[in-house]
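What follows is a single structure, written as structure tokens, with notes after it.
This one's a predicted model, so the numbers in the text were calculated from it and none came from an experiment. Sequence positions, counted from 1, serve as the residue numbers for this chain.
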Amino acid sequence: SGNDRGRIYRIVPEEFHQPSPLTIGGASGAELIALLDHPNGWHRDTACRMLVERKPANIIPQLRQLALHGGTAAGRRTALQMLSTLRSLDSQAVIAAMKDSAPAVRRSAIEAAAETEAFVTQISDMAKDPDPEVAFAAVLALVKMPATSKTRTALITALETHPQQSWCRRAAAAGLGDRPSEALNRILQSERLRFSPPVFEIVKTLLEKIPKPVPAATSEKLREVLNSINDPTSRAALVTSAGLALPSDEMTALITSVADIAKNRSSTIDARVSAIALLPLLDPEHSLSALDSLLTAAEPPAVQQAVVGAIGGSNFETGGSVIAKRWPQLSPSLHRFALAQFFRKSAWYRDLLDGLEAKAIPAALLQSQQIDALRSTGPESERTRAKRILVATTQPGTSETLELYAPSLGLNGDPTAGETIFVARCSSCHLKGKLGNRFGPDVGTFQNAGAASILANIIDPNREIQPR
């Protein structure tokens, strides 16, 4: 309700005069349309709502006039949207909006025109708009339309115009998937796309849709592109995306070059992060040692995060032990991210429990669902060990008390008796529903935290308070 959050004060300059409140309850249709061009969003939204509710007669010409000649981009866009809502959009207004100087108006024009195939030519031309959001809107509209040579060409054009925009790439890939061989050949023939590592993911997607074996002409083109790339990370990106098989000596040289970039602190962070992500894909059997060497306190957090993510996304059997061993070297800002990697593979739970038992990894970082996973997954011996460790790993001096009360975790609860105890001993400070007071935390906010976590907080209420 916010009644415990203090007051909100309005700070105004000296000699401030409160403007008179706007009253538009009795405004005419023309006056409401004029408000659509108002710079304040509340005025525009309220005018829109009242126009839709009242449906005044003869407003379409005024809306068209505003859409074509409104003084603000917001006004022209709002008028265009109103015309679309009222099913009164005409080609003159749409085409004019597609040429508007404001990207937001052009985007709205595409969204309005996408409801009909009559504007496919105009929308195709908008795919090369310099504004990435406008081009993205055009791509989305084209994907929804029946695929033709014109729409496919427009999608390739959008990729060439904005190859770095991930959402534009993904939308275009979806629209090119009906003819993957044709689309792949178009990409490999484009000077702007075939050497662009971000586009290699589309190459991978299209190759997965092409029946095997891949046509010889396509394979030769991929090889030609690969041989024209000098940058090791770009070469590695194409090799892993396209599944190209290289001679062993050539693959070894490529792995070594990518590993060198990952380790080179003179390289840019982006280059190192890209190289780190590629290493497990290039060498899934032997790259863990190279990744392990990068998990040191001397490395910046961005590099550490890339390494932890690469290990977590791999199939390394001993990846969990590496993260646990290197935990003291990790930036504190990455602890929760690193902790989440253990839960990607249940085989790594044992490594996490080792770290928890040695108090190298703080148990306070665990979330309730992670605690439940450790206590309920795996052999009985591992589950029992998890329960014991999770009860004992708290602040110093509380382990014995927690061990003493640990058997209570297996008892069945009695809500009626619990409410009696709460009213008698807890309600003076805590709130549960309508019972109690707000001096302490509302106990209803942690009722799903798990029994072990609640017990630990009762025994040691300061365990989750960060030191300052």
Side-chain angles (χ1 to χ4, degrees), residues 204 236 240 243 255 258-259 262-263 273 275-297 299 301-394 399 402 406 409-410 448-453 456:
K204 178 180 179 181
T240 55
I255 292 171
V258 172
K263 297 175 182 178
V273 167
I276 289 166
L278 288 165
L279 271 177
L281 302 176
L282 285 172
D283 188 13
E285 295 183 7
H286 308 104
S287 58
L288 183 58
S289 60
L291 296 172
D292 183 9
S293 68
L294 290 169
L295 283 181
T296 67
E299 296 294 354
V303 169
Q304 289 188 346
Q305 181 170 354
V307 173
V308 171
I311 294 175
S314 71
N315 292 317
F316 298 125
E317 292 184 5
T318 58
S321 64
V322 169
I323 297 175
K325 177 187 70 174
R326 292 290 189 175
W327 190 275
Q329 304 290 320
L330 295 179
S331 168
S333 63
L334 298 178
H335 281 172
R336 289 196 182 277
F337 175 74
L339 187 65
Q341 306 311 308
F342 290 103
F343 294 91
R344 299 179 72 171
K345 297 172 180 63
S346 59
W348 291 0
Y349 285 7
R350 181 176 299 179
D351 302 313
L352 174 56
L353 291 173
D354 289 343
L356 292 168
E357 190 168 31
K359 292 185 169 51
I361 301 175
L365 292 173
L366 289 168
Q367 298 177 351
S368 60
Q369 63 268 32
Q370 294 173 332
I371 293 173
D372 290 341
L374 290 172
R375 295 176 66 234
S376 61
T377 306
E380 177 63 28
S381 58
E382 287 296 310
R383 300 199 302 270
T384 302
R385 182 189 179 209
K387 293 174 184 177
R388 174 178 57 78
I389 292 173
L390 292 171
V391 169
T393 49
T394 56
S399 298
L402 285 166
L409 296 174
N448 295 322
S453 177

Parallel, tilted or perpendicular: rings of W327 and H335 (30°, 60°):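 Aromatic pair H335/W327 classed parallel.
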Which atoms form the tightest heavy-atom contact between [X] and [Y], and what is the distance?
X    : Y    : answer
P280 : L291 : CG-CD1, 3.9 Å
T377 : S346 : CG2-CB, 4.3 Å
A347 : D351 : O-OD2, 4.3 Å
I389 : L353 : CD1-O, 3.7 Å
L279 : S287 : O-OG, 3.6 Å
K263 : A290 : CE-CB, 4.0 Å

Pairs flagged by ring-ring contact (aromatic ring centres under 6.0 Å, His included) wherever residues 364-385 is involved - sequence neighbours left out: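 The answer is none; no pair qualifies.
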side-chain hydrogen bond (donor to acceptor under 3.5 Å, both in side chains) partners for S331, two or more places apart: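 S331 satisfies side-chain hydrogen bond (donor to acceptor under 3.5 Å, both in side chains) with S333 only.
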Partner set under side-chain hydrogen bond (donor to acceptor under 3.5 Å, both in side chains) for H286, not counting sequence neighbours: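 H286 satisfies side-chain hydrogen bond (donor to acceptor under 3.5 Å, both in side chains) with D283 only.
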Spatial distance of atom NZ (K345) from atom CD1 (I311) [nearest 0.5 Å]: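 So the NZ of K345 and the CD1 of I311 are separated by 10.0 Å.
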Distance, nearest 0.5 Å, that separates OG of S376 from CD1 of I371: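 Answer rounded to 0.5 Å: 11.5 Å.
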Tell me, do [X] and [Y] make a side-chain contact under 4.5 Å, heavy atoms counted?
X    : Y    : answer
V322 : F316 : no
F337 : Q305 : yes
I276 : V303 : yes
L374 : L352 : yes
V308 : L330 : yes
R350 : D354 : yes

Side chain to side chain donor-acceptor pair (under 3.5 Å) pairs, two or more places apart, involving residues 310-321: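 Sorted pair list comes back empty.
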Under 3.5 Å: donor-acceptor pair, side chain of Q304, backbone of Q329: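 Yes.
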Donor-acceptor pair, side chain of R336 and main chain of L365, under 3.5 angstrom: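 Here the side-chain-to-backbone pair exists.
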Any pair counted as salt bridge (Lys or Arg N to Asp or Glu O under 4.0 Å), so long as it reaches residues 285-296, sequence neighbours left out: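 For residues 285-296, and leaving out neighbouring residues, the salt bridge (Lys or Arg N to Asp or Glu O under 4.0 Å) pairs sorted by first residue read D292-K325, D292-R326.
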Derivation of the side chain to side chain contact (heavy atoms under 4.5 Å, CB included) call for E380 and T384: CA-CA 6 Å; E380 177 63 28; T384 302; 3.2 Å; yes
Qualifying residues under side-chain contact (heavy atoms from CB on, under 4.5 Å), relative to Q370, sequence neighbours excluded: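 Expected list: L339, F343, L366, Q367.
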Within 6.0 angstrom of R383 CZ, more than 12 heavy atoms from elsewhere: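 Enclosed.
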